[in-house]
*Asks:* 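Next up is a structure, given as C-alpha cells.
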Amino acid sequence: MDDVRRVVKQVWGYDALLPLQEEAIGAVLAQRDSIVVLPTGGGKSLCYQAPAASIGKLAVVVSPLISLMKDQVDGLAAVGVPAAFLNSSLGADERRAVEAGAARGQYRLLYVAPERLVLPTCLGLLRRAGVAFFAIDEAHCISQWGHDFRPEYRQLGVLREAFPDVAIHAFTATATPRVRTDIAAELTLRNPAILVGSFDRSNLVYRVRRRTDRLRQVIEALDRHRGEAGIVYCIRRAEVDQLSEALRRRGLRAVRYHAGLADAERKRAQDEFIAERADVVVATVAFGMGIDRSDVRFVIHAGMPKSIEHYQQEAGRAGRDGLPAECLLLYSGGDYGLWRSILMAEGLPAPGAIPKLGEMYGYCQAVACRHRSLVEYFGQTYGAASCGACDVCLGEVTTEDGSAELAGQILACVLETGGRFGADYVADVLRGAETARVARLRHNRLAAYGRLRQVPKATLRGWLAELEAQGCLARDGDEYPTLAVTVRGRRVLLGDEAVTLTRAVARPAGGPRPVRPPVPAGPGGATRDDELFEALRALRRAMAEERGIPPYLIFSDASLRAMAHERPTTPEAFLQIKGVGLRKLQELGPRFLACIRGHGDPDPSSG
Ligand code: ADP
Ligand code: ZN
C-alpha cells in the first residue's frame, strides 16, 4: 500500500486518497474480487490505475465507450503511465501494433471493448501477455436493472472461466442492491469485497423551480455562470434546437446535441465542448455519456427527467473536480404528462417506469432538503439537519398558501364540467376565459367559472398535473386525454384527505446566491486569483490544442485554482499543487510557472 501511495503522489500529484479509494486499492492488491460503488467524481479510475502503475504488470480495463477509452489513455500518457486501447476505432495496423505491445509487456493498462475482449483471439493474446487483474468500468451495464443495459457486457461472464486465477474488480456509480447482486452473479465474483461510498455530492448546489418561462429562467441561471462550462438538458429535440438558437443569438457560446442530428454535427458539438471552444451544450439525454470534462460548473434541466436515477446521473456530470457547481431543475406539471405519453407510446412501459416518474415528480414538488432526499432515495442516511446547499435549506422555496382550498376548487371544476375535458379546457374555465367553446357548453354559468381568474394558465396546468400525479385526477385517452376526479380526489373534496400544491417562490431579497468557489479573505483577493486563473485556463487551452488532447487532461480546474491561489514560483513549490506529478512538472511546469511569475507576487493578505 505504501508503494501505491508513493505512486499516487509522484505520478498523479495527490497527497491523500479519497474516501474508499484505499479500501478499493487494497482489494486489488490482495487480489480479492470487488464491487466498488462510488458516485460520479468519486475517483473510481484511480482505484485501478494506481495499483496497475505500481505493480508493474498488465491490468485489463473493460469500458463501454470508445471516446472514454481514448481519453483515459491520453490522460495516463500525460502522467507518464504507458497504456493503450483496443476497440473498433483502430485500423488493422494500429490494432496489431497494440497487440504486439501488449505481448511485449509494454503497457500497464490495456482498455478493451467488451465485445472484443471475449473473442478467443483476444483472450489468447491476454493469456500470453499475462493479466494482473480485470477492472470492469460502468459495471452496471451488465444488469438489466441498471439504466444502461448493454448486451455485450453479458458475455463478460467468460472471463472467470478463461482466467480462473485472476481477480475481477467491478466499478459503478449505480447504487441499487439489485444491480450489485446482478454484477456479482454475472461475473461469478468470489466473495467480493463490497465497497459502497456515500452518494451525497456535497459540492453540488441543487435547486428546483417550477418552469414559468424557460428561456428567461435558463438565462438567469447562465448569468450566474458567465464563461463557465455547463449542460442544459431538454426533453425534446425541438426544444434543444430552439433554446440553443436563442442562446447563440444572445452571444453565448452554445452548441446543440441530440440523436436527430447527423453524426458529424454531434461529434463537432462534443469536440467544441471538450476543447472549451463552446461553454454550453444544449442537449437531450443522448448527451453526456463519454464526456469526461470535469469542470462542468452547472447542469440545468429545462424539463423534468423521467426518473431520479436519470436525474442523479445527469446532474452528477456537474462538478466532478470537486469544486462547487450548480444543478438547477426547471419542471412543470406538463412534463409529467409528456413523459407519461412518451413512455406509453413506446409500447408497454418497463415495470416501474411510471412509478419512477411519479417519484421524480414528487421530488420536484417536495419541500425537503434535496441532498437528503436524493441520498435517502438511494437507500442511505443523511447526517446533517440542513445541507446549506439546496434551494430548500437556503430558504428559496415556500409552499403556496391555502393550498388545501385551492385543490378543492380545481377538483370541483373538473367535477362540475363532468370529467370529460382535458387540462387545457379545465384551466380555461377556472380562469374565466371567454372562448366560443366555453360559451357553447355554457360552462360560464358554473360556480367554478372564473374562480381562479388571477392565476396564470401555465400555473393552473401545473396544478392539474400535480393533482394527477398525486392520484386525485385520472387521465383517460391518449390523443385527447380527459381528466376525471378519482376516489381519492372525492375524499379531498369532502375534506377527508389533504393534498398540498406547491409553488416555488423566489426569495424576496437578494435572489439566488451565485455559486463561487471558496475565495481567500482579504480585499481584492478573489479578483486577483480569478485573473490568474483565467490566464492559466487560456494557457491550458493553448497547450491542449498543441498536443491534440482535451484541456482537462492537462490540469483540472481544481489544480488551476490552487495554482492561482498559492502562486508557486519554483519547481518544488509547483510540485506541491494537487494534481501535479513528476511528469507534469517536467512537461508542463516551465510554461505554467512562467505564467504565474508573470502575474507578480502572491497577495500578502491571502497568506
Ligand atoms: P469517477 O470515475 O468515479 O467519476 P474519476 O476517476 O473521473 O471519478 O475522478 C474524478 C476526479 O477526482 C478526477 O478529476 C480525478 O483526477 C480526481 N481524483 C481522483 N482521485 C483523487 C485523489 N486521491 N485526490 C484528489 N483528486 C482525485
Ligand atoms: Zn438541503
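Order of appearance sets the numbers: ligands from 1, and atoms from 1 within every ligand. Note that the structure is a prediction, hence the values are computed from the model and not measured.
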*Asks:* Would you check if the distance from the ring center of Y361 to the ring center of Y331 is below 6.0 Å?
*Replies:*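 Between Y361 and Y331, the centre distance is under 6.0 Å.
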
*Asks:* Numbering the atoms of ligand 1 from 1, which are under 4.0 Å from a heavy atom of A16?
*Replies:*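 Numbered from 1, ligand 1 contributes 22 (C), 23 (N), 24 (N).
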
*Asks:* Would you say H310 and S307 are linked by a side-chain donor-acceptor pair, where the criterion is simply a distance under 3.5 Å?
*Replies:*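 Judged by distance alone, the side chains do pair up.
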
*Asks:* Any side-chain heavy-atom pair from S45 and Q72 closer than 4.5 angstrom?
*Replies:*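 Result yes, sub-4.5 Å side-chain heavy-atom pair found.
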
*Asks:* Yes or no, since that's all I need: does a protein heavy atom fall within a distance strictly under 4.0 Å of atom 13 (C) of ligand 1?
*Replies:*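 So atom 13 (C) of ligand 1 lacks protein heavy-atom neighbours under 4.0 Å.
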
*Asks:* Under 3.5 Å, is there a donor-acceptor pair between the N87 and S89 side chains?
*Replies:*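 A donor-acceptor contact under 3.5 Å links the two side chains.
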
*Asks:* Just checking Y257 against F287, ring centres under 6.0 Å apart?
*Replies:*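 Centroid separation for Y257 and F287: below 6.0 Å.
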
*Asks:* Centres of the H169 and Y48 rings: under 6.0 Å?
*Replies:*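 Centroid distance H169-Y48: not below 6.0 Å, so no.
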
*Asks:* Verify, without hydrogens or angle tests, whether S34 (side chain) and V36 (backbone) share a donor-acceptor contact under 3.5 angstrom.
*Replies:*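 Side chain of S34 to backbone of V36, a donor-acceptor pair under 3.5 Å: no, none is there.
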
*Asks:* Do the charged groups of R537 and E534 touch, with an N to O distance under 4.0 Å?
*Replies:*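 A salt bridge is present here (some side-chain N lies under 4.0 Å from a carboxylate O).
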
*Asks:* If you count the atoms of ligand 1 from 1 in the order shown, which ones are under 4.0 Å from a heavy atom of S45?
*Replies:*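 Matching atoms, with element in brackets: 2 (O), 5 (P), 6 (O), 7 (O).
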
*Asks:* I'd like to know whether ligand 1 has G579 as a neighbour, heavy-atom separation below 4.0 Å.
*Replies:*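 No heavy atom of G579 comes that close to ligand 1.
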
*Asks:* Quick one about S294 and D321 (side-chain donor to acceptor, distance below 3.5 Å, no hydrogens or angles considered), yes or no?
*Replies:*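 Looking only at side-chain atoms, S294 and D321 do not form any donor-acceptor pair under 3.5 Å.
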
*Asks:* Which of the numbered atoms in ligand 1 are under 4.0 angstrom from any heavy atom belonging to L46?
*Replies:*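 In order of numbering, the contacting atoms are 20 (N), 23 (N).
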
*Asks:* Please report which non-hydrogen protein atom sits nearest to atom 20 (N) of ligand 1, along with the residue it belongs to and the distance in Å to one decimal place.
*Replies:*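 Scanning the protein heavy atoms, the shortest distance from atom 20 (N) of ligand 1 goes to Q21 NE2, 3.0 Å.
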
*Asks:* Give the residue and atom name of whichever protein heavy atom lies nearest to atom 7 (O) of ligand 1, and the separation in Å to one decimal.
*Replies:*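 Looking at atom 7 (O) of ligand 1, the protein heavy atom closest to it is R320 NH2, 3.2 Å.
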
*Asks:* With atom 16 (O) of ligand 1 as the reference point, say which of Y14, W12, F171 has the nearest heavy atom.
*Replies:*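 It is Y14 that holds the nearest heavy atom.
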
*Asks:* With a 4.0 Å cut-off on heavy atoms, does T40 reach ligand 1?
*Replies:*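 In this structure, T40 qualifies as a contact of ligand 1 - some heavy atom is under 4.0 Å.
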
*Asks:* Would you please determine whether G42 falls within less than 4.0 Å of ligand 1 on a heavy-atom basis?
*Replies:*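 Yes.
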
*Asks:* Below 4.0 angstrom from a heavy atom of L17, which ligand 1 atoms are there? Numbered from 1 as shown, please.
*Replies:*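 Selected atoms, number and element: 23 (N).
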
*Asks:* State the NE2-OH distance between H371 and Y382, to the nearest 0.5 angstrom.
*Replies:*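 Spacing of NE2 (H371) from OH (Y382) equals 5.5 Å.
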
*Asks:* Check whether any heavy atom of A173 sits under 4.0 Å from an atom of ligand 1.
*Replies:*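 Distance cut 4.0 Å: A173 fails for ligand 1.
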
*Asks:* Look only at interatomic distance and state if S556 has a nitrogen or oxygen under 3.5 Å from any nitrogen or oxygen of ligand 1.
*Replies:*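 Between S556 and ligand 1 (N or O atoms, distance only) the closest approach is not under 3.5 Å.
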
*Asks:* If you take the centroid of each ring, where Trp contributes its six-membered ring, are F199 and Y377 closer together than 6.0 Å?
*Replies:*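 That pair fails the under 6.0 Å test.
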
*Asks:* State the atoms of ligand 1, each with its element, that fall below the 4.0 Å cut-off from a heavy-atom position in G41.
*Replies:*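 Heavy-atom distances to G41 below 4.0 Å select 1 (P), 3 (O), 4 (O), 8 (O), 10 (C).
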
*Asks:* Taking the Zn ion (ligand 2) as the vertex, what is the angle from SG of C369 to SG of C393, given to 10 degrees?
*Replies:*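 Centred on the Zn ion (ligand 2), the SG/SG angle is 110° (to 10°).
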
*Asks:* Considering the heavy atoms of P39, write down every atom of ligand 1 situated less than 4.0 Å from one of them.
*Replies:*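 Those of ligand 1 that fall under 4.0 Å from P39 are 3 (O).
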
*Asks:* Is there a polar contact between ligand 1 and G43, counting only N or O atoms under 3.5 Å apart?
*Replies:*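 Yes; at least one N/O pair falls below 3.5 Å.
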
